[in-house]
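What follows is one structure encoded as structure tokens, with my remarks underneath.
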Amino acid sequence: MSRILWCATLLAGVLYAQDVRQIIEESQKRGRVNSQKYEGVLEVTPADGKVSSKSWQSLRLGSYGSSKAVIRFSAPAEVKGVALLIVNHPDRASDQWMWAPALARDRRIALQDRSTRFFGTDFSFEDLEERDVNQYDYALAGDDVVDGAACWKIESTPKSTRSSQYSRSIVWIRKDNYAFARIENFSKRDVVRRLDYSEIENVQGIWTARRMEMADLRRGSRTRLTLEKLEYNVPLKEEDFTLQAIRR
């Protein structure tokens, strides 16, 4: 290969990688808000098909990469008051603390425990973190259609500074509004969790999935999360996102 052709090929590869990253950046840009609040209803369906319900309230403050979030269960009685504080960082995994009223104590969630299920749901602790654009490398994996919407398929691989249970993920992003349509998370060569986004609506100018379903393919179980009373850019205070706050 001539030096000119080699340089042209290398440049095309660099521009190609940049174009893929720009898709992710645009998706993140369109979803950027100062704060978020919603009430979530979770339907947990284990492999035996016996459905149980849980409810939580979620608060989030800040932009991608440096936001804080609190998730607090409101029902049923055995999990009421259990809360998770998540402090996201742009260059590494989040910090997480869980408060359990029954034990009257909080504990830090260690990195090696992030792959465990969050209180009987099919979401792991890691799945509740944000996926900041700077924590992954990207490659275009082709085009696809999800629920009738044309999508880009993008492979994302965690950088060395991003501790993760997943070796890589495939992300489907809709071409019409840049909203996420699906994420498949891999452990080595196997898909272990699949997150599907549906009922995508424009809420205060933000294209938002009002329903998400996480399937744990190893367990044969799934959890459907429906967002109710969703609001963006609501007034929230920094002091609501502290260990003292989740103990209330």
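Heavy atoms only: backbone and side chains are in, while hydrogens, waters and symmetry mates are out.
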Answer with yes or no whether the side chains of [Y] and [X] bring together a donor and an acceptor at under 3.5 Å.
X: Gln96; Y: Arg107; result: no
X: Ser74; Y: Gln57; result: no
X: Gln36; Y: Ser58; result: no
X: Asn88; Y: Arg60; result: no
X: Gln165; Y: Ser187; result: no
X: Tyr136; Y: Ser169; result: no

Exercise for review: May I have the step-by-step check of side-chain contact (heavy atoms from CB on, under 4.5 Å) for Phe119 and Leu84, ending in yes or no?
Suggested key: CA-CA 11 Å; Phe119 263 76; Leu84 182 70; over 6 Å; no
Test item: [X] and [Y] side chains (from C-beta on) under 4.5 Å apart, heavy atoms:
X: Thr226; Y: Tyr38; answer: no
X: Phe186; Y: Val192; answer: no
X: Ile154; Y: Ile173; answer: yes
X: Trp97; Y: Ile109; answer: no
X: Leu59; Y: Leu236; answer: yes
X: Tyr197; Y: Glu213; answer: no
X: Asp122; Y: Arg117; answer: yes
X: Val82; Y: Pro101; answer: yes

Is any side-chain N of the basic residue among [X] and [Y] closer than 4.0 Å to the acidic one's carboxylate O?
X: Arg222; Y: Asp216; value: no
X: Lys50; Y: Asp48; value: no
X: Asp196; Y: Arg182; value: yes
X: Arg211; Y: Glu199; value: yes
X: Lys37; Y: Glu231; value: no
X: Arg193; Y: Asp127; value: yes

How about [X]: does its [atom1] atom have over 12 heavy atoms from other parts shown lying under 6.0 Å from it?
X: Lys29; atom1: NZ; answer: no
X: Arg189; atom1: CZ; answer: no
X: Gln244; atom1: CD; answer: yes

Exercise for review: Evaluate the side-chain contact (heavy atoms from CB on, under 4.5 Å) criterion for residues Val41 and Glu228: first the C-alpha distance (whole Å), next the side-chain angles of each, then the deciding distance (0.1 Å), finally the verdict.
Suggested key: CA-CA 8 Å; Val41 177; Glu228 299 180 347; 3.7 Å; yes
Exercise for review: Validate the cation-pi geometry between Arg21 and Tyr138: distance from NZ or CZ to the six-membered ring centre under 6.0 Å, angle to the ring axis within 45°.
Suggested key: no
Review point. Is a side-chain N or O of Ser167 found less than 3.5 angstrom from the main chain of Lys188, in a donor-acceptor match?
Key: yes
Check your understanding: Once the angle between the rings of Trp152 and Tyr178 is folded into 0 to 90°, is it parallel (under 30°), tilted (30 to 60°) or perpendicular (over 60°)?
Key -> tilted
Review point. Should Glu126 and Ser115 be marked as a side-chain hydrogen bond (donor to acceptor under 3.5 Å, both in side chains) after you check the CA-CA gap, both sets of side-chain angles, and the distance that decides it?
Key: CA-CA 6 Å; Glu126 181 183 346; Ser115 61; over 6 Å; no
Check your understanding: Given Ser94, which of Glu129, His89, Lys68 fulfils the side-chain hydrogen bond (donor to acceptor under 3.5 Å, both in side chains) condition?
Key -> Glu129
**Study point:** Glu43 vs Ser53, side-chain hydrogen bond (donor to acceptor under 3.5 Å, both in side chains): CA-CA, chis, key distance, verdict
**Key:** CA-CA 5 Å; Glu43 294 177 303; Ser53 296; 5.1 Å; no
Check your understanding: Would the Phe118 and Phe125 ring centres measure less than 6.0 Å apart?
Key -> yes
Review point. Stepwise, does the side-chain contact (heavy atoms from CB on, under 4.5 Å) test hold for Val191 with Asn185?
Key: CA-CA 6 Å; Val191 181; Asn185 295 311; over 6 Å; no
Check your understanding: Going through the distances and angles, do Phe73 and Lys54 end up as a side-chain contact (heavy atoms from CB on, under 4.5 Å)?
Key -> CA-CA 7 Å; Phe73 282 105; Lys54 292 180 170 68; 3.8 Å; yes
